[in-house]
Chemist: 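Okay, here's the structure, questions in a sec.
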Protein chains: 2
Amino acid sequence: MRKQPTQEDVARLAGVSRATVSYIVNGLTDGRVAITEETQQRVLDAIEKLGYEPHAMARSLRLGTTHTIGLLLPDMRNPHYWQIACGAEQQAQDAGYDLLLVNTSLDPDKEIHAVNALSRRRIDGLVLLLTFPERHTQEIERLADKRVPVVALGGRIPGVDCVDNGYRDGAVHVMEYLIQLGHRRIGLIHGVASEMLGQERRLIYRRVVQTAGLPVGADYIEPCGTTPEAGYLAAQRLLSRSPRPTALMVINDLLAIAAVRAAAEMGLRVPEDLSIASFDDIELASYVTPPLTTVRVNAEEMGRAAVRLVFARLQDPALPPQQIYIPSELIVRASTGPAPVQT
Amino acid sequence: MRKQPTQEDVARLAGVSRATVSYIVNGLTDGRVAITEETQQRVLDAIEKLGYEPHAMARSLRLGTTHTIGLLLPDMRNPHYWQIACGAEQQAQDAGYDLLLVNTSLDPDKEIHAVNALSRRRIDGLVLLLTFPERHTQEIERLADKRVPVVALGGRIPGVDCVDNGYRDGAVHVMEYLIQLGHRRIGLIHGVASEMLGQERRLIYRRVVQTAGLPVGADYIEPCGTTPEAGYLAAQRLLSRSPRPTALMVINDLLAIAAVRAAAEMGLRVPEDLSIASFDDIELASYVTPPLTTVRVNAEEMGRAAVRLVFARLQDPALPPQQIYIPSELIVRASTGPAPVQT
DNA sequence: TTGAAAGCGGTACCAG
DNA sequence: CTGGTACCGCTTTCAA
């Protein structure tokens, strides 16, 4: 890579000092420093001619700020996370910040590696959607100790700024809705990378099942991985139970789509024979067949809110721990219906 | 943000010089420089105690290399691009490089902004999946001029390293396959951000239609945006034509899923009344109802190949322009079938 | 109105 | 074996 032109080169070509170039590049010509119109033009020409571009790292080193915030996502294969990323990026861009996106692929080692890499880069703030929060309290404390604003997404870590969502309420609504439709045997497909993630939905599932006096037992809970493939297999297992569940609550739309397929291949019609409800309301949820009943949360807003929290803390590090709540909403579509008449 | 500990702090605490700390941190203790086991331990302890982390930017500034390569993606809402990103990230990680992901949201201004931002960061290499190549020859030339390895994904820019895919062949296969099934009126849903993108598929569509003597006319070509919503509406328009097409080639799976929905809502069964074939083979393609007939290309491999090209050029800038071809494969599933008997 | 110079945090050469 | 020190490119006082 050929050496890029530096401020020095520009200064020499324009016949001025480096300081002058810096002033002009940073637009200080109006405010503090006054520079001849003519000098300014000469410098601008030189910049143009050389194709000079300021060296962001050198600048950061001097200024002590990178204008970058990091976003740690657990799984790029789930559209739900992209929506979060989109929102975060948008909010960051609006403030002139860059977003450094890191995908940890649900791998705890990569997660640690990523947090360290980001820390070494001295990013100005960090938004975390951790897969294995329990393994990372150390990291987080170290970051917090360095006064790097950290925001946790979709989870609650004590003493840390959080963006929480209404999936707990959503789970309650789903369950109540299914019960109201007459379903008694409701299964849960719990496809997550770590027991912690999405556990609130499992807990609520359990509680509602007990409260309503439905058939209990881990029998109707099917843990699995995070891919459609895993969801497909889990649905197969769950639907082979006897008596078979008449409704399924699935941890997210991605797996729900796979569950629909599993049902179809077993000769079950959705929603006539089997109701399926899930979470996220990804863009495709309303376009697949049948359109999914799902719990929507404004994922982009989650991303935006997280970044806003980072900025807020950047501005006032002494702020008490903030908490933003993004409510959820049950969207009823065609994948759910009345429980089939008992055979 | 409290000042982080520096090399200097470590050196002071360990009672050694900064140079020594640097040696140890960089693991030069075995090779060039020799350092007492004891000194080493003292320094390591100091590092631990202070929570010292090397300042990546300062390091980059000195070394002139960032160990980062940039990846410019046009649209994070299309799973296809995520697969590419996953592959690229994996390959980069394996080589100890970080991937700086930038999403341009199909917006040409953002694209320019992003290329500049990356350039200012002095990233070591760049993988571009440009939406508006025609508007960026300048940028690319500027980058190339700076000897920053640039790899173009899914397009051919003369004199630049490229990773091309088999979507041209794939389009031919799709068309031949549909014709062989007896389809004569084949529509095209061409949902792209720029006329340039995916144009190879449109051209081939035209050519095959003419060669086979099928009903011609732009009537069966429906350009639209990149969202499922846009694909849905385009399908509605296309299926309202009279005579109605009996088969649809859709630019990607995301829109194909929406097209299936549009058909369903018009009372058309897929594949009995309407065949639909598309491109990408995203993960969900085999799980939606009906499973999609689609042209698969190994997207992760595209990402990996692109990053490999960057490394190759980093190693030998004088290399002649490289070209990697990722072949495609027609995956026949249930969304296509024999043409319906004419009414 | 412009320029000289002191760092920001590391690295690596050269001397001891 | 270890330390002193000259940069990397840029910002920003302070003087001229």
Side-chain angles (χ1 to χ4, degrees), chain A residues 1-43 46-47 50-67 119-124 146, chain B residues 1-43 46-47 50-67 119-124 146:
Chain A
M1 166 164 20
R2 186 195 318 175
K3 214 173 134 312
Q4 306 239 46
T6 76
Q7 213 178 49
E8 174 92 41
D9 300 323
V10 175
R12 198 171 20 243
L13 180 60
V16 298
S17 81
R18 285 164 52 206
T20 308
V21 177
S22 177
Y23 293 144
I24 292 175
V25 168
N26 294 33
L28 300 193
T29 77
D30 283 340
R32 267 324 292 116
V33 197
I35 293 190
T36 326
E37 182 66 30
E38 187 231 328
T39 312
Q40 186 150 323
Q41 204 38 253
R42 236 180 26 240
V43 171
I47 289 177
L50 294 177
Y52 165 75
E53 279 186 313
H55 193 303
M57 307 253 163
R59 198 160 188 281
S60 297
L61 185 56
R62 184 68 236 258
L63 263 359
T65 175
T66 54
H67 264 68
S119 177
R120 274 199 299 277
R121 276 170 184 261
R122 303 294 196 271
I123 47 165
D124 295 341
K146 286 173 187 156
Chain B
M1 167 163 22
R2 187 195 318 175
K3 214 173 136 306
Q4 307 239 50
T6 76
Q7 211 178 52
E8 174 93 42
D9 300 323
V10 175
R12 199 172 17 244
L13 179 60
V16 298
S17 80
R18 286 166 52 205
T20 307
V21 177
S22 176
Y23 294 143
I24 292 176
V25 167
N26 294 32
L28 300 194
T29 76
D30 282 341
R32 263 333 282 119
V33 198
I35 293 190
T36 325
E37 182 66 30
E38 188 232 328
T39 311
Q40 186 150 323
Q41 204 38 252
R42 234 177 31 238
V43 170
I47 289 178
L50 294 176
Y52 165 75
E53 280 186 311
H55 192 305
M57 307 252 164
R59 196 157 188 281
S60 295
L61 185 56
R62 183 68 236 254
L63 264 356
T65 175
T66 54
H67 263 66
S119 177
R120 274 198 301 274
R121 278 170 182 259
R122 303 295 196 271
I123 48 165
D124 294 341
K146 286 174 188 155

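In the text below, chain A, chain B and the rest are named by the order of the sequence lines, each starting its count at 1. Note that these values count all heavy atoms, side chains included, but never hydrogens, waters or copies made by symmetry.
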Chemist: Could you check whether B/Val21 gets within reach of a base, just the sugar-phosphate, or nothing at all, counting any heavy atom under 4.0 Å?
Modeler: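 Touches nothing.
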Chemist: Apply salt bridge (Lys or Arg N to Asp or Glu O under 4.0 Å) to B/Glu38 and list each qualifying residue two or more places apart in sequence or on a separate chain.
Modeler: B/Arg42
Chemist: Roughly how many Å is it from CG in B/Leu61 to P in C/dG7, rounded to a whole number?
Modeler: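 Those two atoms, CG and P, are 17 Å apart.
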Chemist: Measure the angle between the two terminal helix axes of the helix from C/dT1-D/dA16 to C/dG16-D/dC1, five base pairs each, and quote it to 10°.
Modeler: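 End-to-end axis angle for the helix from C/dT1-D/dA16 to C/dG16-D/dC1: 50°, rounded to 10°.
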Chemist: B/Leu13: what forms a side chain to side chain contact (heavy atoms under 4.5 Å, CB included) with it, not counting sequence neighbours?
Modeler: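 Residues passing side chain to side chain contact (heavy atoms under 4.5 Å, CB included) with B/Leu13: B/Ala46, B/Lys49, B/Leu50.
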Chemist: From the set C/dG3, C/dC14, C/dT11, return the single nucleotide nearest to any side-chain atom of A/Ser17.
Modeler: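 Nearest to the side-chain atoms of A/Ser17, counting from C-beta on, is C/dG3.
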Chemist: Could you tell me if the side chain of B/Ser17 sits less than 4.5 Å from the side chain of B/Thr20, heavy atoms only?
Modeler: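 Yes. Closest side-chain heavy atoms under 4.5 Å.
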Chemist: Looking only at side-chain atoms of B/Ala58, point me to the closest of C/dG10, C/dC13, D/dG9.
Modeler: C/dG10
Chemist: Among the nucleotides C/dG10, D/dT13, D/dG3, which one has an atom lying closest to any side-chain atom of B/Thr20?
Modeler: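 It is D/dG3.
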Chemist: Roughly, in whole Å, what's the span from CG in A/Asp9 to P in D/dC8?
Modeler: 11 Å
Chemist: Pick the closest DNA chain C nucleotide for A/Gly15 and for B/Met57 by heavy atoms, then say which residue is nearer the 5' end.
Modeler: A/Gly15
Chemist: Which nucleotide in the set C/dG9, D/dC1, C/dC14 lies at the smallest distance from any side-chain heavy atom of B/Thr36?
Modeler: D/dC1
Chemist: Looking at the base of C/dG9, is there any donor atom on it, or on the side chain of B/Tyr52, that sits under 3.5 Å from an acceptor on the other one?
Modeler: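 No such pair is found, so the answer is no.
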Chemist: Quick one: A/Glu8 CD to D/dC8 P, roughly how many Å, whole number?
Modeler: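 Atom CD in A/Glu8 sits about 9 Å away from atom P in D/dC8.
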Chemist: Select one nucleotide: of D/dC10, C/dG10, C/dG3, the one nearest the side-chain heavy atoms of B/Gln7.
Modeler: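 Comparing D/dC10, C/dG10, C/dG3 against the side chain of B/Gln7, the answer is C/dG10.
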Chemist: Taking the side chain of B/Ala19 as heavy atoms from C-beta outward, which of C/dA12, C/dG9, C/dT1 is closest to it?
Modeler: C/dA12
